[in-house]
2 protein chains.
Amino acid sequence: MTQRTNGRFTIEDVAALAKVSTATVSRVLNKKGQVADKTMARVQTAIVELDYIPHSGARQMAGGRQNLVGLIFPGIGDPFLAELLLGIEQSLVAEGYELLLYCTQGHSSKDRRAFLPLNENNTDGLIVFAHSLSESELQRFDRRDFPVVLLHQTPPAGLNIPCVTVENKKGAAKAVAHLIGCGRRRIAFLSGPEGNEDSYWRELGYRETLAAHGIPFRSALVKDGSFSAAVSETAVTQWMQDGIEIDAIFAADDNSAQGAIFALQQAGKKIPQDVAVIGFDDVSFARYTMPPLTTVRAPIMEAGSKAAEQLIKLMRGETAVSLTLLPTELVIRRSCQE
Amino acid sequence: MTQRTNGRFTIEDVAALAKVSTATVSRVLNKKGQVADKTMARVQTAIVELDYIPHSGARQMAGGRQNLVGLIFPGIGDPFLAELLLGIEQSLVAEGYELLLYCTQGHSSKDRRAFLPLNENNTDGLIVFAHSLSESELQRFDRRDFPVVLLHQTPPAGLNIPCVTVENKKGAAKAVAHLIGCGRRRIAFLSGPEGNEDSYWRELGYRETLAAHGIPFRSALVKDGSFSAAVSETAVTQWMQDGIEIDAIFAADDNSAQGAIFALQQAGKKIPQDVAVIGFDDVSFARYTMPPLTTVRAPIMEAGSKAAEQLIKLMRGETAVSLTLLPTELVIRRSCQE
DNA sequence: ACGCTTGCTGTAAGCGTTTACATTTTATCA
DNA sequence: TGATAAAATGTAAACGCTTACAGCAAGCGT
């Protein structure tokens with residue numbers, strides 16, 4: 001026997017107070033089935049009276065809907081996330097779902113093995129951002145037909161999990177073509193972290209566009225910026241110290257662009273006169289850099305809301321679109337041309 | 001009867017495969033009680049074999065420890081949060097807890113009434129940041145002796161909930177005193193959102209320091225910046241348009257400072273020559289503004305980790321320190337003096 | 001050989017819901 | 001009015017765990 005005599009009230013207490021059965025209380029709680037208006041009022045009064053809160057564990061066990069979806073993502077604090085979340089919640093709240101977040105930063109996937117705290121038995125569905133889950137975890141969800149939508153990551157081979165992402169390659173191509181149009185030829189690329197899919201496509205767009213304009217690709221002009229201002233600052237500083245000539249930097253995201261701008265200015269370079277800089281995402285701070293950052297606008301909020309929409313379909317048992325590709329757009333500010 | 005015949009395995013399946021009872025499986029799962037080495041090995045093999053995952057709902061019901069704590073906060077995307085989270089996880093992970101996040105942005109507290117998705121029956125404790133929960137919700141936790149720690153918010157009257165925050169008033173005083181020391185006299189203040197406690201103390205520090213130096217307080221020099229670059233930009237632009245003379249701005253946080261810097265530069269002001277700017281928090285981007293931002297460093301990560309420590313004490317049934325005040329420190333960069 | 005202790009394992013009750021099904025009440029219609 | 005359908009409510013099983021308690025085997029001292 002367990003010791004659970006904390007002043008918590010249960011559905012039975014509510015039922016007793018309202019002089020109905022627990023089934024009826026459950027019906028009003030879930031707005032399911034028929035309940036007479038008078039009875040419903042009585043039950044609701046009792047609920048308020050006792051400050052009753054349904055026990056989520058018991059609900060899970062009984063197999064009811066949780067009205068809960070989880071978002072799993074690698075790290076917090078990126079302005080990117082703020083927008084993403086806004087989009088996700090927009091779609092979700094309309095359908096009566098709540099959103100819980102789990103951040104995998106600092107957890108090895110081995111630690112998580114037995115204990116991913118958001119999973120198929122305490123949520124109705126999951127949105128997984130970038131590579132925050134291992135392939136085997138995704139496989140497990142797939143095997144169990146558990147609703148999952150991938151954001152900014154295409155599913156591993158063989159798994160049919162819907163995916164929402166943006167036109168990375170096209171966006172990168174627009175950025176690089178613009179740089180070339182401004183007369184730049186020595187265009188460097190600051191990549192994202194190893195294995196990141198967004199970065200992969202952005203780099204491909206960069207390479208293809210160079211090629212299309214007859215500019216040879218030079219590996220010395222590519223460094224890892226890890227989507228981080230600090231890492232990018234170091235990388236750019238290194239280029240300067242090595243005396244590598246660069247007249248433009250295409251950064252795989254806005255954070256890297258920010259670090260690049262800082263490093264360039266430290267090195268006494270004028271932006272955009274000496275070196276032009278273009279970022280990717282158009283996060284909120286992009287207009288606050290000095291000079292304001294030219295960047296490829298990714299419809300982040302829309303991506304979030306589309307992902308949630310697909311998840312909702314899945315949770316309803318409908319089929320979802322397996323790939324949603326959102327268009328990107330070049331936003332020209334002053335970091336690129338006066 | 002419910003239809004839960006999704007390929008999910010239960011503890012019984014594991015027990016059957018390992019030829020033991022469910023009690024034994026439970027014991028190895030929770031590392032509780034005695035189990036012979038050979039048996040344990042057999043059970044673990046079975047767990048891996050079936051890719052078994054304990055049902056969290058069932059665990060909650062049976063009254064076991066959840067190994068889960070929740071963080072409730074108002075909005076995501078602030079670099080502030082990234083550091084906070086790091087600190088919290090640091091302490092938590094060491095004790096075997098996982099962290100789930102719930103963001104109240106865009107939920108009225110009325111919506112949440114019955115359904116705060118992180119609560120006393122699915123977590124072992126909660127960390128509540130700033131004013132993300134209503135007083136009545138806190139009261140409920142208090143009545144039920146549920147472990148809660150407040151971050152950057154003192155508890156409502158009558159509730160004995162431990163609180164961790166920083167020396168806002170002292171920090172603000174250092175900032176303003178420094179500005180005055182640099183010869184500034186027309187010092188404006190960009191406040192945080194209405195009702196925010198950090199902002200309240202920072203403003204008080206601002207006022208008291210002015211008074212201590214015989215500088216009269218002028219309400220025209222205080223505007224709401226809402227901890228937001230965009231709002232602050234508007235506010236500062238308004239000052240410029242109104243022709244209010246200002247030779248320094250003390251912003252209640254770094255976001256506001258960033259907006260202020262931008263607005264000032266738009267208006268053709270030189271920083272720091274014409275107007276000095278000081279922020280608060282020392283978030284990661286503070287050194288990337290141009291000029292780099294002088295700011296009051298709040299030990300955000302430490303605050304997170306202290307909060308988690310107090311929560312752990314509470315969850316163990318020990319008593320926690322009711323108020324932890326962390327020291328702040330002025331970080332001088334170039335936005336303040338060449 | 002006996003009773004003790006100690007280590008290991010099993011049995012089964014109980015946690016708080018949801019829901020299929022049974023039952024009772026109310027409304028409808030000839 | 002009585003028969004019948006529809007609406008409202010109740011009964012009780014099932015969900016998958018944890019843990020108090022009981023049982024059993026082996027080791028020990030006498």
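Within every chain, numbering begins at 1; the chains are lettered A, B, ... in the order of the sequence lines, protein sequences first and strands thereafter.
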Check for a donor-acceptor pair, side chain of Thr123(A) on one end and backbone N or O of Val69(A) on the other, with a separation under 3.5 Å.
no

Would you say the side-chain atoms of Gln60(A) pair up with the backbone N or O of Gly57(B), donor to acceptor, closer than 3.5 Å?
yes

Taking the six-membered ring for Trp, are the ring centroids of Phe80(B) and Phe129(B) within less than 6.0 Å of each other?
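Yes: the rings meet the under 6.0 Å criterion.
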
Check: Leu150(A) and Val164(A) side chains under 4.5 Å, non-hydrogen atoms:
no

Quickly work out the [X] [atom1] to [N] [atom2] distance and round it to whole Å.
X         : N       : atom1 : atom2 : result
Glu120(B) : dG16(C) : CD    : C1'   : 14 Å
Arg8(A)   : dT17(C) : CZ    : P     : 11 Å
Glu12(A)  : dG14(C) : CD    : C1'   : 12 Å
Ile11(A)  : dC15(C) : CD1   : P     : 15 Å
Asn122(B) : dG16(C) : CG    : C1'   : 14 Å
Gln60(A)  : dC15(C) : CD    : C1'   : 13 Å
Asn67(A)  : dT18(C) : CG    : C1'   : 14 Å
Lys32(A)  : dT19(C) : NZ    : C1'   : 8 Å

Under 3.5 Å side-chain donor-acceptor pair for Glu89(B) and Tyr97(B):
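Short answer, no.
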
Are a donor atom and an acceptor atom from the side chains of Ser134(B) and Glu137(B) found within less than 3.5 Å of each other?
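Looking only at side-chain atoms, Glu137(B) and Ser134(B) do form a donor-acceptor pair, the distance falling under 3.5 Å.
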
Quick check on the helix from dA1(C)-dT30(D) to dA30(C)-dT1(D): what's the angle between its two end axes, five base pairs per end, to the nearest 10°?
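What I find for the helix from dA1(C)-dT30(D) to dA30(C)-dT1(D) is an axis angle of 40°.
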
[X] side chain: which of [options] is closest?
X        : options                   : answer
Met61(B) : dT17(C), dG16(D), dC17(D) : dG16(D)
Tyr52(A) : dT17(C), dT18(C), dC17(D) : dT17(C)
His55(B) : dT18(D), dG16(D), dT17(C) : dG16(D)

Is the number of heavy atoms from other residues, nucleotides or ligands under 6.0 Å of Glu318(B) CD greater than 12?
yes

Between Asn30(B) and dT18(D), does any side-chain N or O lie under 4.0 Å from OP1 or OP2?
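For Asn30(B), the contact criterion (side-chain N or O under 4.0 Å from OP1 or OP2 of dT18(D)) is met.
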
Does Arg59(A) have a side-chain nitrogen or oxygen under 4.0 Å from the phosphate oxygens OP1 or OP2 of dG16(C)?
no

Nearest 0.5 Å please: distance from the CG atom of Leu151(A) over to the CD atom of Gln153(A).
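One finds 9.5 Å between CG of Leu151(A) and CD of Gln153(A).
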
Base, sugar-phosphate alone, or nothing: which one does Ser26(B) contact when heavy atoms must sit under 4.0 Å apart?
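Contact class for Ser26(B): base.
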
Would Ser305(B) and Glu302(B) count as a side chain to side chain donor-acceptor pair (under 3.5 Å) here? Give the steps.
CA-CA 5 Å; Ser305(B) 116; Glu302(B) 197 185 340; over 6 Å; no

Protein-proximity profile, nucleotides 6-11 of chain D, B/S/- by nucleotide at the 4.0 Å heavy-atom cutoff, equals --SBBB

